[in-house]
Amino acid sequence: MITRDLLLDILKNIAAVIKDNRQFLTDLDAAIGDGDHGINMNKGFKAVEEKLDTVRDKDCGTILKTTAMTLISTVGGASGPLYGTAFLKAAMVVNGKMEIDNEDIVKMFDEGIQGIIMRGKAKRGEKTMLDALIPAYEELMNSLKDGSTIAEAFNKACKAAYDGVEYTKTIRATKGRASYLGDRSIGHQDPGATSSYLIIKTVADTLNR
Amino acid sequence: MITRDLLLDILKNIAAVIKDNRQFLTDLDAAIGDGDHGINMNKGFKAVEEKLDTVRDKDCGTILKTTAMTLISTVGGASGPLYGTAFLKAAMVVNGKMEIDNEDIVKMFDEGIQGIIMRGKAKRGEKTMLDALIPAYEELMNSLKDGSTIAEAFNKACKAAYDGVEYTKTIRATKGRASYLGDRSIGHQDPGATSSYLIIKTVADTLNR
Amino acid sequence: MKKIINNPENVVNEMLEGIVKAHPEYVKRLEGFNVLVRANGPSKGKVALVSGGGSGHEPSHGGFVGEGMLDGAVAGEVFTSPTPDQVFEAVKAVDGGAGVLLVIKNYTGDVMNFEMAGELAKADGIEVDSVIVNDDVAVENSTWTTGRRGIAGTIFIHKIAGAAAEKGMGLPEVKRIAEKVIANVRSMGMSLTPCTVPAAGKPGFELAEDEVEVGLGIHGEPGTHREKIKSAAEITKDLMDKIFADIDLTQDDEVAVLINGLGGTPLMELYIVNNEVDKLLEDKGIVIYKTIVGNYMTSLEMAGFSISILKLDDELKELLNYKADTPAFKQL
Amino acid sequence: MKKIINNPENVVNEMLEGIVKAHPEYVKRLEGFNVLVRANGPSKGKVALVSGGGSGHEPSHGGFVGEGMLDGAVAGEVFTSPTPDQVFEAVKAVDGGAGVLLVIKNYTGDVMNFEMAGELAKADGIEVDSVIVNDDVAVENSTWTTGRRGIAGTIFIHKIAGAAAEKGMGLPEVKRIAEKVIANVRSMGMSLTPCTVPAAGKPGFELAEDEVEVGLGIHGEPGTHREKIKSAAEITKDLMDKIFADIDLTQDDEVAVLINGLGGTPLMELYIVNNEVDKLLEDKGIVIYKTIVGNYMTSLEMAGFSISILKLDDELKELLNYKADTPAFKQL
Ligand SMILES: Nc1ncnc2c1ncn2[C@@H]1O[C@H](COP(=O)(O)OP(=O)(O)O)[C@@H](O)[C@H]1O
Ligand SMILES: Nc1ncnc2c1ncn2[C@@H]1O[C@H](COP(=O)(O)OP(=O)(O)O)[C@@H](O)[C@H]1O
Ligand SMILES: [Mg+2]
Ligand SMILES: [Mg+2]
Ligand SMILES: [Mg+2]
Ligand SMILES: [Mg+2]
C-alpha cells in the first residue's frame with residue numbers, strides 16, 4: 001500500500017536521484033546518443049518537484065497526471081514523451097484514489113509499459129528503457145504472487161532492472177538514436193534503461209526506509 | 001662589375017635562398033603579421049627563376065624588368081608591389097646594358113629604395129624592409145667610396161643589413177600589418193627586413209664565390 | 001568550452017530574442033514559448049507549414065520562417081526535440097483555416113513529440129497532417145534502426161512544400177509534394193570535429209587530429225565509422241557513392257544540390273566540395289539544375305559538411321524556383 | 001591541419017571553380033584569372049564596382065558579385081592581396097564605359113596592389129577611382145599605424161555603393177556615397193580560436209582554452225590584446241564601447257547593424273550577441289533600422305565575430321533597401 005504522502009516522497013526522491021545522476025546519464029548518452037539524457041531528465045524532474053506543491057492535497061491520479069504532463073512539457077527528446085506517457089497511463093489506474101494498493105501497482109506498471117510500447121513502438125531486446133522496465137515488472141508481479149511485501153518485491157524488481165541494464169551492454173540498439181551506431185552500440189549500456197533502473201531503485205529505497 | 005651571367009646567377013641564388021627560408025620568413029610573419037611572407041616571396045622568386053630562361057640572352061635591364069614584373073604579378077601582399085617596384089626602378093638604370101658597373105649598382109640600389117619609399121610611404125625606423133636596405137645601401141656606397149671592391153662592399157652592406165634586422169627587433173612597427181600590434185610588435189624582427197637581408201647576403205655570397 | 005554565450009541554460013531563449021530583434025519584419029515570437037511565427041501571420045486560407053526540432057541547427061528552423069517557406073518553427077533545447085505543448089502552440093498560432101502540415105525529421109523524439117502535438121491539435125479541431133523526412137543514407141534501413149534520419153535535405157522540403165502552400169494548394173496536395181521531395185532527396189555527411197552542447201560543457205565525442213567521422217547525424221551523435229582524413233575529392237566521392245547507391249539517377253536527369261556546412265567549416269571548403277560534386281555528376285551526365293552552398297542545417301560549431309541530392313521533375317523545379325523571402329533563404 | 005581540401009596550393013582555384021559551378025546564373029570566371037565577374041556583365045553605361053582582397057574571407061568577395069552590389073571580385077591567395085595584373089583584368093572586364101570604382105580595404109598590400117592596377121587601367125584609358133575602407137576601431141590612428149583596417153563594414157560599402165551604381169549614378173556620385181558609408185561605419189571584432197592558412201599548415205597564433213583575442217584583423221593577424229574569456233554580454237559591451245567612442249551617435253539616430261561571424265562561430269552565438277547589441281543601442285535610444293547577422297567577412301574557420309554599426313541618413317537608408325541579388329546577399 002502506497003499512501004499519497006509516500007507517493008509524493010517517492011517522486012521527490014526520484015527528482016533527487018536523477019539530479020545526482022545528471023552527468024552520469026548524460027555521459028552514457030554521449031557515448032551512443034546525443035549526450036542530453038541526464039540534462040533532459042533532470043530538467044523534467046526538477047519541474048515535477050516544483051509542480052508537486054500545487055497538487056499535494058489532490059488524489060494520487062492527479063499527482064501522477066501532473067507529473068506526466070510536466071514531464072511531457074519539459075523533458076523533450078525521446079524520453080519525454082515515453083516517460084510522460086508511462087506516468088499518464090499509470091495515473092489513469094489510480095484516478096481519484098488517495099492510496100495505491102498492490103494490485104494497482106502491478107496494473108500501473110503494466111499500463112505504463114504498454115504506454116511506452118504504444119508510443120515508441122519498441123519491444124524488449126532493442127536496447128531501450130524497456131529492457132530494464134519489463135524484467136522489473138515481471139519480477140515485481142511474480143514476487144507479489146509469491147507473497148512478498150511491496151518493499152521486498154521492489155527490491156527484486158530493482159535487481160532485475162539492474163540486470164536488464166547490464167544486458168543492454170551486450171546487445172545492439174535497433175530503436176532510438178543509438179540504433180544509428182549499428183554494432184558500435186554494443187558494449188555500452190543504454191541511458192534510458194539506466195534512468196529506468198534508477199527510478200525503480202528509488203521507489204524500492206523509499207519503500208524500504 | 002656584374003656581368004649578365006653573374007646577374008642571372010645572383011637571381012637564381014636568391015630564388016634558392018628564399019626557398020630555403022620559406023618557413024623561417026613565414027614564421028616571422030606569423031608572429032607580427034599574417035604568416036604569408038615566406039609563402040609569397042617563394043612563389044614570386046620561383047616564378048622569376050622559371051621566367052629567367054626566356055630572357056637569358058637579353059640585356060640586364062630586360063632581365064631585371066622581367067624579374068620586377070614577375071614579382072608584381074605573383075607575390076601579392078605588401079611585399080609584392082614593394083620588391084616589384086624596387087626591381088623595376090633598378091632595371092631602368094641599366095636599360096639596354098649588358099654589364100653593370102659599380103656606379104650603376106649604387107644608382108640601382110638608391111633608385112630601388114626610392115621606389116619602395118614612393119610606393120609604401122614608409123621611412124627608416126618604422127620596422128620595415130627599409131631598416132635593412134637603407135643601412136646596407138649607405139654602407140655599400142661608403143665602402144665603394146673608400147675603395148672596396150664590389151664584393152667587399154657587399155659583404156659590409158650585408159653586415160649592415162643584418163644589424164638593421166636586429167634593430168627592427170627593438171622598435172615598434174608603424175607601417176604595414178605589424179603596426180596594428182602596437183607595442184606588441186617590439187621584440188620581433190621584421191620579416192620584410194629579413195628577406196631584404198637575405199637578398200643582400202645572397203648578392204654578397206655570389207660575388208664572393 | 002569556449003563560446004560566446006551568457007548562461008548555458010539560457011542560450012535558446014537569448015538566441016530567439018536575438019533572431020526576433022534582427023528580423024522583426026519576418027518573425028515574431030509566441031509570448032512564453034520557443035516558437036517563431038511569421039510577423040504577418042497567420043495567412044488566412046493558406047496551408048501552414050510548421051517545422052522544428054532541437055536548437056543548435058541554425059538557421060534551421062527559425063531562419064526559414066517567411067514567405068514561400070515555413071509559417072512556424074519550434075525550437076527545442078539544444079539538440080533536443082521540442083515538447084508537444086510547444087508544437088501545439090505553434091500549430092494553433094499559424095493555422096489559417098486551411099490546415100497545418102508538420103515537417104518532422106525522423107528521430108524518435110521528434111516523431112513522438114510532434115505526433116503528440118498533432119493529436120492535441122486534432123482534438124482541438126485543427127486539420128493537421130505530417131510528413132517525416134528521412135534523407136540520410138548513412139543509416140541502415142529500418143529493420144535495424146528506427147529508419148533513416150532526417151538531415152539537411154529537410155531544407156528542400158521547406159522550400160518546395162512551402163512554395164506549394166504559398167501558391168494556395170490544399171493540405172493533401174502540399175503533403176503530396178512534401179512526400180515527393182522526401183522520396184527523391186538523399187543526403188550524407190561527415191565531420192572533422194565534434195561540437196559542444198552548452199549545457200553539457202564538453203564535446204560529444206573526440207576525434208584525433210587525423211581522423212574524421214563519417215555518416216553522422218546532426219546532433220553530434222557518432223556516425224557510422226571513423227577513418228583517416230582524406231582529400232576533398234576522395235571524401236566527396238565516398239559520400240556521393242553512398243548517395244548514388246540509394247537513388248535512381250540516370251543520364252539527363254536533373255537534380256538540385258545542397259552542400260551544407262555543419263557550422264564550423266568555411267565556405268571555401270564547401271565550394272571545393274561543390275567542385276568535386278559537380279565533376280561526379282557531370283561524369284554521369286546528370287544535369288545540375290540548382291546548387292545551394294552554405295550553412296543551412298548545422299550542428300553548432302561542428303566542422304564538416306553534408307551533401308544532399310534532390311532528383312527533380314517539372315513540378316518540383318517550378319516550386320523550387322518559386323519566390324522565397326525568409327531571414328536565411330531568399331529567392332527573387 | 002584538418003581541412004576538406006585537395007592540394008593546399010590549389011585551394012583558391014578550386015574554390016573559384018566551385019563558386020562558378022554553384023552560381024552560373026550570377027558569376028563567371030575570367031579565363032586564366034582569379035577574377036569573378038557578373039555572368040551577364042559588363043553593364044553598359046553603369047559604373048562598375050570592383051572589390052577583392054586575399055581569399056579566405058568567403059563569401060567575400062565573389063559572393064557579392066551580382067545585381068545591386070559588385071561587378072567584379074578579385075581573389076588573391078589566402079589572406080594575401082591579389083596582384084595588380086589580376087585587378088587590372090577585372091577592371092577591363094567590368095568597365096561598361098561609365099568608369100570603375102575600386103573598393104579597397106586599408107591594408108598596405110591591398111592599397112598598393114589595387115592602386116598599381118588603377119594606374120595600369122588609367123594608362124589604358126579607363127576611368128578609375130577608388131575608396132579605402134577603414135572601419136576597424138581596434139586600430140589606433142594613423143600616427144602610429146597605417147591607419148585603421150578595413151573589415152566587415154566593407155559589406156555595407158558593397159551594398160550601398162552597389163545600389164548607387166545600379167541606380168545609374170555617375171562615378172563621382174557613387175564614390176561620394178561610398179565615402180559617406182566609410183565615414184559612418186565602425187567595426188570591431190574578437191576571436192576565440194586562430195585559423196590555419198592551408199599553405200602554411202598550422203595556425204597563425206595560439207590561444208589558451210580560456211583566452212580570447214580582442215580587436216584582431218581578418219587575416220589571422222594578432223589583435224590588440226588578449227584576455228580571459230567573458231560572457232557574451234561583457235564581450236559585446238567592450239566592443240560596443242570602443243565603437244561608441246569613435247562614432248557620434250545620439251538619441252533617435254538610426255543605424256544598421258552587422259553581426260558578422262568569422263567562419264567558425266555558430267549562428268546561435270551571433271544571435272545571442274545581437275540580443276546584447278540591441279539592448280545597448282536601445283539603452284541609448286538609438287533606432288535599429290536594419291540588422292544583418294551571419295558569415296559575411298570571414299577568416300577561414302576562425303571562431304569569433306565582429307560588430308559593425310553604420311549610422312544612416314535618408315539617402316543611405318534608401319540605398320540600403322535597394323534590391324540586391326547576389327549569391328551571398330539577396331534583398332527582395
Ligand atoms: N522507441 C523507443 N522506445 C523505448 N525507449 C526508447 C525509444 N527510443 C529511445 N528510447 C530510450 O530513450 C533514451 C534516450 O533518451 P534521450 O537521450 O532523452 O532522448 P534523445 O534520444 O531524443 O536524445 C534511450 O536510451 C532509450 O532508452
Ligand atoms: N609601407 C611599407 N613600406 C615598406 N615596407 C613595408 C611596408 N609595409 C609592409 N612592408 C614590409 O612588408 C613586409 C610584409 O610583407 P608580406 O607579409 O609579404 O605582406 P602582407 O603584410 O601584405 O602580408 C613587412 O615585414 C615589411 O617589411
Ligand atoms: Mg539523448
Ligand atoms: Mg604577410
Ligand atoms: Mg536529444
Ligand atoms: Mg598577407
Side-chain angles (χ1 to χ4, degrees), chain A residues 22-23 25-27 29-44 46-47 68-85 88 115-116 118-122 126-129 172-185 188 191-192, chain C residues 8-9 34 53-54 56 74 76-86 88-89 107-117 120 136 138-140 142-149 194-206 215-226 299:
Chain A
R22 179 180 181 273
Q23 193 60 46
L25 293 172
T26 295
D27 289 347
D29 195 33
I32 55 171
D34 58 353
D36 59 2
H37 188 56
I39 301 170
N40 302 345
M41 291 293 284
N42 182 49
K43 205 169 145 227
K46 196 176 153 220
M69 296 313 293
T70 307
L71 290 177
I72 290 172
S73 68
T74 53
V75 177
S79 48
L82 292 169
Y83 280 121
T85 303
L88 200 60
I116 291 173
M118 182 270 292
R119 183 62 63 209
K121 297 177 187 68
E126 298 202 281
K127 194 168 185 142
T128 71
M129 48 181 71
R172 172 183 167 148
T174 50
K175 280 284 174 329
R177 217 176 279 280
S179 69
Y180 307 134
L181 276 180
D183 287 339
R184 283 207 283 171
S185 72
H188 296 277
Chain C
E9 310 286 335
N34 290 345
V74 194
E77 289 301 309
V78 178
F79 291 171
T80 297
S81 160
T83 56
D85 53 316
Q86 301 270 344
F88 179 36
E89 215 59 38
Y107 294 92
T108 308
D110 290 65
V111 172
M112 291 190 300
N113 283 292
F114 275 76
E115 282 183 349
M116 284 174 87
L120 292 171
D136 185 358
V139 171
E140 287 181 58
S142 51
T143 337
W144 291 106
T145 66
T146 37
R148 294 193 319 235
R149 295 175 291 221
C195 62
T196 300
V197 173
K202 60 180 186 195
F205 55 94
E206 271 165 37
L216 80 175
I218 52 170
H219 305 90
E221 62 268 58
T224 53
H225 67 281
R226 281 179 189 193
S299 299

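Note that the structure is predicted; figures quoted are calculated from it, not measured. To find a chain, count down the sequence lines: A is the first, B the second, and so on, and within it residues start at 1.
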Under 3.5 Å, side chain of A/Arg184 to main-chain N/O of C/Thr224, donor-acceptor pair present?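 Between the backbone of C/Thr224 and the side chain of A/Arg184 there is a qualifying donor-acceptor contact (under 3.5 Å).
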
Would you say the side-chain atoms of C/Asp110 pair up with the backbone N or O of A/Gly77, donor to acceptor, closer than 3.5 Å?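 Answer holds: no.
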
For the candidates [options], which exhibits the highest count of non-hydrogen atom pairs separated by less than 4.5 Å from chain A?
options                              : value
C/Gly201, C/Gly217, C/Ala199         : C/Ala199
C/Glu77, C/Met112, C/His219          : C/Met112
C/Pro82, C/Gly223, C/Ala200, C/Gly54 : C/Gly223
C/Thr108, C/Thr80, C/Val78, C/Val197 : C/Thr80

Nearest atoms (heavy-atom pairs only) where A/Tyr180 meets C/Arg149: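 In terms of heavy atoms, the two residues are closest at CZ-CG, 3.1 Å.
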
With a 4.5 angstrom heavy-atom cut-off, could you sort out which part of A/Thr74 is near chain C: side chain, backbone, both or neither?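 The backbone, not the side chain.
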
Region of [X] in contact with chain A, defined by heavy-atom distances below 4.5 Å:
X        : answer
C/Asp85  : side chain
C/Gln86  : neither
C/Tyr107 : both

Go through [options] and name the one with the most non-hydrogen pairs under 4.5 angstrom from chain C.
options                             : result
A/Gly80, A/Gly84, A/Gly35, A/Gly176 : A/Gly176
A/Asp27, A/Leu82, A/Asp34, A/Ile72  : A/Ile72
A/Ser73, A/Gly38, A/Gly33, A/Ala122 : A/Ser73
A/Pro81, A/Ala30, A/Gly76           : A/Pro81

Measure the spacing between CG of A/Asp183 and NE2 of C/His225 and express it to the nearest 0.5 Å.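 If we round to the nearest 0.5 Å, A/Asp183:CG and C/His225:NE2 are 14.0 Å apart.
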
Give a yes or no on whether a salt bridge exists between A/Lys43 and C/Glu9, defined as a side-chain N under 4.0 angstrom from a carboxylate O.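 Salt bridge flag = no for C/Glu9 with A/Lys43.
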
